[in-house]
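Note sheet for the following structure.
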Amino acid sequence: MFKYLRPKEQSYAFLQDVDHPEKNRYGKAIETVSVDSELRGQSLNINGDNRVGENPNRYKQHGFYFTADNCISCHACESACSEKNDLEPHQAFRAVGYVEGGRYPEYTRLNISMACNHCDDPVCLKGCPTRAYTKYAEYGAVLQDPEICFGCGYCTWVCPYNAPQLDHSKGHVSKCNMCVDRLEIGLKPACVSACLAGALDFGIMETTPENRDGLDTSIPGFPSTDITHPNIRFQQKNKLPDEMSRTDSMPVKYKKNAKGKFEPHVAEKSVSGQSAEVEWNLNKLSTRENPLVIFTLISQAVVGAFILLFIGPMIGLETLTPVKNTIAWPMFLFGLIGIQTIALVLSTMHLGKPHRFYRAFNNLKYSPVSREVAGIAVFYNFIGAFTLLTGLPQLFFWLPESLLQLFVSITGWGAVVSGLAAIYFMHKIYRIPARPFWDHWQVFTSFYGNVLTLGPLLLVLVFAFIQVLNNESWMQVVPMIAVFVFVGLLMEGIGLYFHKNDLMKSGGEGAAAYFEQTTKFGRTYIARNLGLLSGLALAISMMVIDVDGIAAAVLWSGAAAIVLLTAITGRALFYALVMPTTMPGAFFWRNKKFQEHARETGLAEMPQVGVLPDLH
Amino acid sequence: MLFGRKQKNPITIADKGVVEWKYATCGYCSTGCSIEVGLDEDGEAVASRGLADADVNRGKLCVKGIFEHELFRKTAGRGDKPLMRDSYKDEFKEVTWKEALDVTADKIKSIQAEHGRDSFAIISTGQIMTEEFYTLGKLARGVIGTNNYDGNTTLCMSSSVSGYKRSFGSDGPPGCYDDFDHTECLLAFGSNLPEQHPIIYWRLTEALEKRKFPVIVVDPRVTMFAQKADLHLPVAPGTDLVLLNALAHVILDEGLADDDYIHASTVGYDEFSALVKEYDPESASKICGIDADMIRKVARLYAKAGSAMTIWTMGINQSTHGSDGVCAINNLNLITGNIGKPGGSSLSITGQCNAMGTREWSSCSGLPGYRALENEKDRSEIAEFWGIDVDYFPEKRGMFMTDILPAIESGDIRGLWLIATNPMTSMANTDLMRKLLAKLDFMVVQDAYADVETNQYSHVFLPSAVWAEKEGCFTNTERRVNLIRNVVKPHGDSKTDLEIFNQMASRFERGAKMVFPENAEGVFDELKQLSKGRMLDYSGMTYDKIEESRGLQWPCNEDSAPEGSQRLYTDGVFQFPDGKAKLLALPFVDDNERPNKEYPFWLNSGRVVEHFHTRTRTGKVGNANKFSPTPFMEMNPQAAEKLGIEHGSYVKVSSIRGDATVMVQCTERIAPDAVFIPFHFHECVNRIALGLLDPHSRQPAYKQCAVKIEVIADQVAAAKENVEARAF
Amino acid sequence: MDKYTSRRLSEIKNDFERGVFQVVYDSRKQRWHRSFALMVLIVKHVSRGLLFSWPLYLLALAAYSIPDTSILLVLFLLLPAMYVSWAILSRGVREDYENLVHGYLLRTGYIGRIIFHGKV
């Protein structure tokens, strides 16, 4: 590793020892740990080498300095990084994209090279359930370990800069490692050393390289720095046109505001001036996250169903007691466990490396994913125990009756509480500042709304089916169930309504996502909304109308089908529409539209096109 | 460690296990970067890095160089064994080297016996070693004796060669990269350094960081170079000569010329100034599209600078007046006294890694060492040195490559030997090319890649080694001779080009009597002997010395210039008998294929940084290819909107010659009446391009022709067509 | 011999050292140790897995304990559950075996290290 030092190495490759302010502009000390900290003087243990680097600025926060005016998009930085880290064509830690503006010949292209910004507040580290990330005292580098990672991809969701890269062929994430092995011997990272236009540089934070001035925190196309306080500074002095557009398929453009800073806006017309059409695009609703659509819906349904089943007798639904339904009750519980299991299996297999699933609990302190997984696991255990205790009581003949009832009570309430908590953490997973479409309380109302809607629906469907088999009437539960369904749908509807308004007001990527919702998935969106409204109407009728027998069964099955379809469509839209605040791409590289096109037309079959042919 | 964790996660960083670094020079463009290839303990090439102490690139490499080590074993389609077949419609069968070479030699002899010596043509390249060029020249002129022998450098550099010869009396770029550090004004014509020669761009950037000077870029497109320039002149396509004459007009008119230099070192001033008088900025601006004030401004900047330099590449060379354009640039520099001094130069930036080598030694256009067939003394000298009869040489050169190929149609050319070149993709008018190549009685293709498109029509395929699988020298843009050490053995059963030439020579009676050194260093010795005392002096060089110095610029004579020479013509004495350069009167004749009602767009073609030429190599290196995996066309959004074309959709582009399907990228970087397609892709831009030849240099005018653009309704079919054309 | 223990086969470059290593590696004792380590890994992964997935088997258990149920129903519920467990566990066991056991000479205390995933 220390063999990177080339004989007669040039001065551009060496780190500079310069003075720096005590704190960065966000108030954080640039020195990463105090002088007497026990963390000092330790080896980074790179590839098992336990030497300690002699870099005098080892414990200072370092970062990139990008002179956006100079970048020519020659790809040397990307290539040097790929070569050093031995990456395959479809994977890259650093990427160059651009935004452009102005009319010929007063045209300007601003190229942007971005890897990882080793942020002060790394959301990737906080979000990762397996604790694969560490922010080191050495250089302030945020490093990720693919050997620990199990490929959930959550870090790729939370990072505003597209730094972590999920390699679908390997099933794990990896990312820029700040070339710490080079830093240890006083060399700048490989990408900086390779830059051919004097654009990319690197050093201690809040210092400017030679011949440069300006420490901008942002350039057009760069997301808000409030999210993570990234450790990157820019110089961008050339006059830019008032409006700059992207060449990749994101309907976002950047306009100068009154203060001269660029803000993202929806680009309603494409680069070639066409307006978007209003379409269905049902096939595009199916994404890599399909297992999560199913998992979230099923989990919410199961939680809702169990709560109703357990609490039902206490609020007047006497027909739902185990005494009255010696067979239906345990069968229903087993059924719940069955579908929850399917949901869990789907969710586990959705990981890049499912056999490492047990690591999901490693980051309960910070990660909503960890907490959600823990919540669901606890819930699953509790309803398992509850089902065992109530469904197969003959196995516990050796336990005194009072103790059995106590355990039943504990496990039952335990399941209720943990189930509700799990759904809470489940929604917190999606409150990601980098994904404005998701970062709204609408997730709360949708998720809990679904608990109220799908749970009882599931319960009443099974219950009705069994009652019909026993030639008994099942209609008496329907009005009360209908209340829950109504409340749930109403919650969801109100949330979505405010979501729409808030998105449009906020502008930027959120509004762009909404724009896509009303165009690319426009008809689907309308269909989903109609479904919600019909569901509400049907719920009201369920509360008041008195029909029985076959007619009732048909009618209410129909209503249930509409509600279910609406829920699935809505959830699929939720995942398909999310538009991350990613960095602008180029025309081919990091252009989602081209990647899709390459897969559809078969171009992706050639590995040298750099697009993996299938995503799982 | 922060965030309160006690346990450190282990850090794993890729380690390729390099144990040895071997010296080489990059085999892509003519910047001539010094590159080291890293071998692991199994002897596999696993890494590349630039040499920190090499003057040319000082440790930097571009995207192609960074992945060059993948060429040896990781690119598919390498030629493994010699292949042979009776007709291009048959399947190839594998044969032994003996068989392949025997059959080829016999065929050459029989074709020559029946149709004359010149009916068998040889077209070589700009990418094999200098020693191999020289040997091929010996073989072609001294043994096989065909006068229809040229290289693919005609497609890119022959206008520069022609221009230098007409102005200075000899080929040879007079400047060097060091001029950036001294110049006070840089003018770039049709040169897109960031995409074509990124390392030369870096040298320019470094110079500008130390000392700012004005950079003026003349280019119809707003390339990154144009964006960075202080002045960008979006010249109308095909009218550079007008602009150059207008600049000269202003300089002479305002008395800014260097009269002393003109008097001392040039002839032809009267005729030149008379012609240039007609090109006043006002009339010129109507033709070239640059307004008169700007012309004056540029001319004044250039002439008043203490030293000024002009660089150019294909924007000038690949037009219908390429040679004239080069002469005009030379004129500009001669009248301002900017030749041969630090920062003052007309520097042609060369294309291929060893185009210089073929110009110097291959005997395509003359005799080795910048000697001429027209010169009796030169003929005798070489004949004696090679040990052949002087009458065996013709008294002037034969056809250029771009004339050889059409001559197949008339039956003048019956057989063809192609070496490391791919005219199926690189020649204009692809459909015509197919017909021509199919018509040949016999074609042998010698290339590193068996899936090179031209191989579709060959009868014999000879697999040759690529880049550092052999040893030898390249010469770069600034006349620096640099070494490639042998890094790995040739792939499979392939042989080095040198070996193939030697073996072929031994099969001819004449060749068996001549001396053909077995290894490259032996050939290099002949080069030293033949160049001693001449302008391109190699006599002070040895392989070890070259490696130590990281390349030496000729003239490098032991006595007068042991460390090489940075510049030529530093004394103001040129290569004509009278020692003076010629100022040439160059009238502009507009023979461009201009856009008209039916074909309303200008078609321009050019390069992208991640690809090299016809992509036989970079098309297979994923980490380079992925940046442009499929052909695309830059089109102005205003024009696209009018035609209803969507960004990212496929369209049909057609000219009088043919049509092509290509994906559209809408960008304001190109004028509303023009489009741009990178030339690298097979079955794409060259199906449409013009290929009208320059009268002096026979170089095709790739960059200007008229096309029309149509929407394709069936996008799925278009996409399918596109995928099929991307065979590799 | 001691200085070769807990060094990986793949790290030894010297042919002679490799020969010596190979002799010890192939010895009966070491082969027994590796089989034992494999069993420990299987037990570790299965127990850990079961901790999270036991309700998966609940259905089969329920079917089994209801009197007069066909054995086919039990199998119908049991087999998919076992397949899923197998799919996940086998990868886990394989990965741990590759990283912790294969190619190593196992010395005293290795069981503890395997269970707590330290260096062998």
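This structure is a prediction, so every number in the text was calculated from the model and none was measured. In what follows, chains carry the letters A, B, and so on, assigned in the order in which the sequence lines appear, proteins first and then strands, with residues in each chain numbered from 1.
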Toward chain A, the part of B:Gln638 with a non-hydrogen atom under 4.5 Å | side chain
Hey, is the main chain of B:Asp15 close enough, under 3.5 Å, to the side chain of A:Asn47 for a donor-acceptor pair?
-> no
Between A:Glu78, A:Glu147, A:Lys593, which residue shows the highest count of heavy-atom pairs closer than 4.5 Å to chain B?
-> A:Glu78
Chain B: which of A:Ala586, A:Gly610, A:Gly602, A:Gly102 shares the most heavy-atom pairs with it under 4.5 Å?
-> A:Gly102
Is it the side chain or the backbone of B:Val46 that comes within 4.5 Å of chain A heavy atoms, both, or neither?
-> backbone
Donor-acceptor pair, side chain of A:Gln608 and main chain of B:Val621, under 3.5 angstrom | no
Can we call the ring centroids of A:Tyr107 and B:His232 under 6.0 Å apart?
-> no
Side-chain donor or acceptor of A:Arg6 paired with backbone N/O of B:Gly59 under 3.5 Å | yes
Which pair of non-hydrogen atoms, one from A:Ala197 and one from B:Thr205, has the smallest distance, and what is that distance?
-> O-CG2, 3.5 Å
Classify the ring geometry between A:His597 and B:Tyr650 as parallel (under 30°), tilted (30 to 60°) or perpendicular (over 60°).
-> tilted
Taking every non-hydrogen atom, the tightest pair across B:Pro194 and A:Cys74 | O-CB, 4.5 Å
Residue selection (most heavy-atom pairs with chain A, distance under 4.5 Å) from B:Val63, B:Leu208, B:Ile199, B:Leu51 | B:Val63
Bottom line for B:Lys228: the part with an atom under 4.5 Å from chain A's heavy atoms is side chain
Atom group of B:Val664 that falls short of 4.5 Å from chain A, counting heavy atoms | backbone
If you count heavy-atom pairs under 4.5 Å between each of A:Ser82, A:Pro607, A:Ala13 and chain B, which one has the most?
-> A:Ser82
Once the angle between the rings of B:Phe627 and A:His75 is folded into 0 to 90°, is it parallel (under 30°), tilted (30 to 60°) or perpendicular (over 60°)?
-> parallel
Output the distance between atom CD (B:Glu634) and atom CZ (A:Phe587), rounded to the nearest 0.5 Å.
-> 9.5 Å
Region of B:Met663 in contact with chain A, defined by heavy-atom distances below 4.5 Å | side chain
Does any heavy atom of chain B fall under 4.5 Å from the side chain of A:Pro7, the backbone, both, or neither of them?
-> both
Atom group of A:Gln10 that falls short of 4.5 Å from chain B, counting heavy atoms = both
Side chain / backbone / both / neither for A:Asp145 at chain B, heavy atoms under 4.5 Å | side chain
Carboxylate-amine/guanidinium contact B:Lys16 A:Glu83, below 4.0 Å | yes
What distance separates A:Leu143 CG from B:Thr12 OG1, expressed to the nearest 0.5 Å?
-> 10.5 Å
Could you check which of A:Cys195, A:Ser249, A:Gly48, A:Ser270 has the highest count of heavy-atom pairs closer than 4.5 Å to chain B?
-> A:Cys195
For A:Asp69, is it the side chain, the backbone, both or neither that has a heavy atom under 4.5 Å from a heavy atom of chain B?
-> backbone
Hey, are A:Glu100 and B:Thr667 close enough side-chain-wise for a donor-acceptor pair under 3.5 Å?
-> yes
Backbone of A:Pro89 reached by a side-chain donor or acceptor of B:Lys626 within 3.5 Å | yes
Are B:Glu209 and A:Arg212 ion-paired here, with the side-chain N under 4.0 Å from a carboxylate O?
-> yes
Give the intermediate values and the outcome of side chain to side chain contact (heavy atoms under 4.5 Å, CB included) for residues B:Phe225 and A:Ile72.
-> CA-CA 8 Å; B:Phe225 198 23; A:Ile72 51 173; over 6 Å; no
